[in-house]
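In each ligand, atom 1 is the first atom listed, and ligand 1 is the first ligand listed.
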Amino acid sequence: MKIIKSIVEMREYASALKADGKSVGLVPTMGALHAGHLSLLARVRDFCDKSVMSVFVNPTQFGPAEDFAKYPRDLGRDCGLAESAGCDCVFAPSAEEMYPEGYGVGVSVGPIGDTLCGAARPGHFNGVATVVLKLFNIVSPQAAVFGAKDAQQVAVIKRVVADLNVPVRVITAPIVREADGLAMSSRNVYLTRPERERAANISKSLFEAKALFEGGEQSVERIKERVASIINGALMKTEYVEIVDPASLRPFDKVIDGAALIAVACRTLESKTRLIDNIVVDCLH
Ligand code: PAF
């Protein structure tokens with residue numbers, strides 16, 4: 001597996017693959033890899049001949065009070081995992097390589113970045129969209145895979161690709177869960193042991209919401225209340241529970257009458273870890 005740190009070298013590697021008739025798929029990550037990330041690699045190989053995984057903890061998507069400094073970083077471990085999952089190339093640039101002296105232009109995603117997670121993380125999705133567009137311009141992949149756990153990120157990237165005519169196919173891979181249902185996340189390592197045990201209630205609340213919906217409950221208010229009561233009852237604090245259109249992220253008003261994304265964000269009380277999860281429900285199913 002190739003490990004590349006320079007943008008020039010990354011471009012050369014990707015161009016050589018393309019000249020050789022190979023399609024290239026990109027899996028953008030911030031490292032601290034887990035089985036969820038490796039499932040993205042497996043998915044990209046369904047669509048492309050060669051896979052590039054970027055590992056870059058992107059400073060522009062962290063707010064001043066967020067965990068940029070303590071975000072787990074271990075490139076050696078990540079490269080070992082990526083290689084064993086069949087990755088062809090890890091692109092791991094430095095912050096100076098991506099944002100050199102004088103850097104100033106970024107993507108502004110508009111209102112889709114202001115709801116859900118964006119309400120508590122102003123500017124976060126501008127930072128995500130900017131770095132993803134930069135990665136697209138550096139790697140020129142035919143396809144890129146993103147995990148469904150970050151549902152708003154997927155919606156934002158799809159908007160960027162559509163609105164800015166970016167020739168990349170955006171593929172979503174399903175959420176990968178621990179045995180007790182907790183969605184895999186690089187931030188799960190922050191949890192204390194009791195918090196880790198209680199964190200399974202987040203997915204439990206979403207599975208219950210889906211069961212309620214499939215049992216005939218369509219009231220947005222009642223489903224949201226049930227989700228919030230399970231999470232808050234497990235000593236976590238919900239930041240939001242929302243039921244929205246999966247593409248536009250516009251909230252359903254009173255009843256769910258189409259495909260809907262039920263999305264939650266909450267914080268644990270002790271380590272103050274912020275966790276997100278979601279589930280999609282649809283009237284047709
Ligand atoms: O999902 C992530 O890990 C990041 O937001 C991404 C897409 C790699 C951009 O930094």
* Short N-O contact, Arg222 and Glu217, less than 4.0 angstrom -> yes
* Asked: Do Arg43 and Asp46 meet the salt-bridge criterion of a basic N to acidic O distance under 4.0 Å?
  -> yes
* Below 4.0 angstrom from a heavy atom of Gln61, which ligand 1 atoms are there? Numbered from 1 as shown, please. => 4 (C), 5 (O), 9 (C), 10 (O)
* Asked: To which protein heavy atom is atom 7 (C) of ligand 1 closest, and what is the distance rounded to 0.1 Å?
  -> Gln153 NE2, 3.4 Å
* To do: Measure from NZ or CZ of Lys18 to the centre of the six-membered ring of Tyr13, then state whether that distance is under 6.0 Å and the direction lies within 45° of the axis.
  => no
* What atoms of ligand 1 come closer than 4.0 angstrom to any heavy atom of Pro28? -> 8 (C)
* Ligand-side contact atoms (ligand 1) for residue partner Val131, heavy atom cut-off under 4.0 Å -> 9 (C), 10 (O)
* To do: Report the nearest protein non-hydrogen atom to atom 3 (O) of ligand 1: residue, atom name, distance rounded to 0.1 Å.
  => Met30 CG, 3.5 Å
* Asked: Going by the atom numbers of ligand 1, which of them fall below 4.0 Å from some non-hydrogen atom of Thr29?
  -> 8 (C)
* Any Lys/Arg nitrogen of Glu208 or Arg226 sitting under 4.0 Å from an Asp/Glu carboxylate oxygen of the other? -> yes
* Kindly say whether Ala148 contributes a backbone atom to a donor-acceptor pair with the side chain of Thr172 at under 3.5 angstrom? => no
